[in-house]
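All remarks here apply to the structure that follows.
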Amino acid sequence: MDTANIIKELRESTGMNRKEFPEHTGIPVRTLEDWEAARRTPPDYIPRLIDYQLKYEKLVKQKEEVDDEK
């Protein structure tokens with residue numbers, strides 16, 4: 001799978017649109033659009049970092065939910 005599709009799938013997995021996702025991750029909107037359209041290619045580590053950030057946020061949210069149940 002190419003990087004453009006990976007970035008797009010990561011964004012879509014959050015349910016965020018192309019405006020919300022850059023605000024959430026700190027990536028400029030135009031940069032994200034260029035990556036998803038394959039006009040530019042981010043360094044290889046960027047999709048991994050985004051994936052890591054999203055997984056970390058999910059784990060934190062799950063932990064907070066467990067703590068709230070206590």
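Predicted model only: the values in this text are computed from it and were never measured. Sequential numbering from 1 along the given sequence is applied to the chain's residues.
Annotation: the span from T41 atom OG1 to I46 atom CD1 amounts to 12.0 Å, rounded to 0.5 Å.
Cluster membership check: Y52 does not share its hydrophobic cluster with I27, using side-chain heavy-atom separations under 4.5 Å among Ile, Leu, Val, Met, Phe, Trp and Tyr.
When the salt bridge (charged side-chain N to carboxylate O under 4.0 Å, His left out) test is applied to E9, no partner is found at least two apart in sequence or on another chain. Taking the side chain to side chain contact (heavy atoms under 4.5 Å, CB included) definition, one finds that E69 meets it with nothing, sequence neighbours left out. The salt bridge (charged side-chain N to carboxylate O under 4.0 Å, His left out) search around K55 returns D51, not counting sequence neighbours. Scanning for side chain to side chain contact (heavy atoms under 4.5 Å, CB included) contacts around E57 gives H24, Q53, L54, with sequence neighbours left out. Residues meeting the side-chain hydrogen bond (donor to acceptor under 3.5 Å, both in side chains) test with D68, sequence neighbours left out: none. D44 is linked by a side chain to side chain contact (heavy atoms under 4.5 Å, CB included) to R48, counting only residues two or more places apart in sequence or in another chain. Partners of D34 by salt bridge (charged side-chain N to carboxylate O under 4.0 Å, His left out), not counting sequence neighbours, listed by chain and number: R39, R40. For the side chain to side chain contact (heavy atoms under 4.5 Å, CB included) test, residues two or more places apart in sequence or in another chain that qualify with P28 are T31. Evaluation of the salt bridge (charged side-chain N to carboxylate O under 4.0 Å, His left out) rule for K63 yields D67 as partners, not counting sequence neighbours.
Under the salt bridge (Lys or Arg N to Asp or Glu O under 4.0 Å) criterion, the residue pairs touching residues 18-29 are R18-E36, with sequence neighbours excluded.
Within the hydrophobic cluster formed by Ile, Leu, Val, Met, Phe, Trp and Tyr side chains joined at under 4.5 Å, directly or through other members, Y56 is accompanied by V60.
Under the 4.0 Å criterion applied to side-chain N and carboxylate O atoms, K61 and E64 are not assigned as salt-bridge partners.
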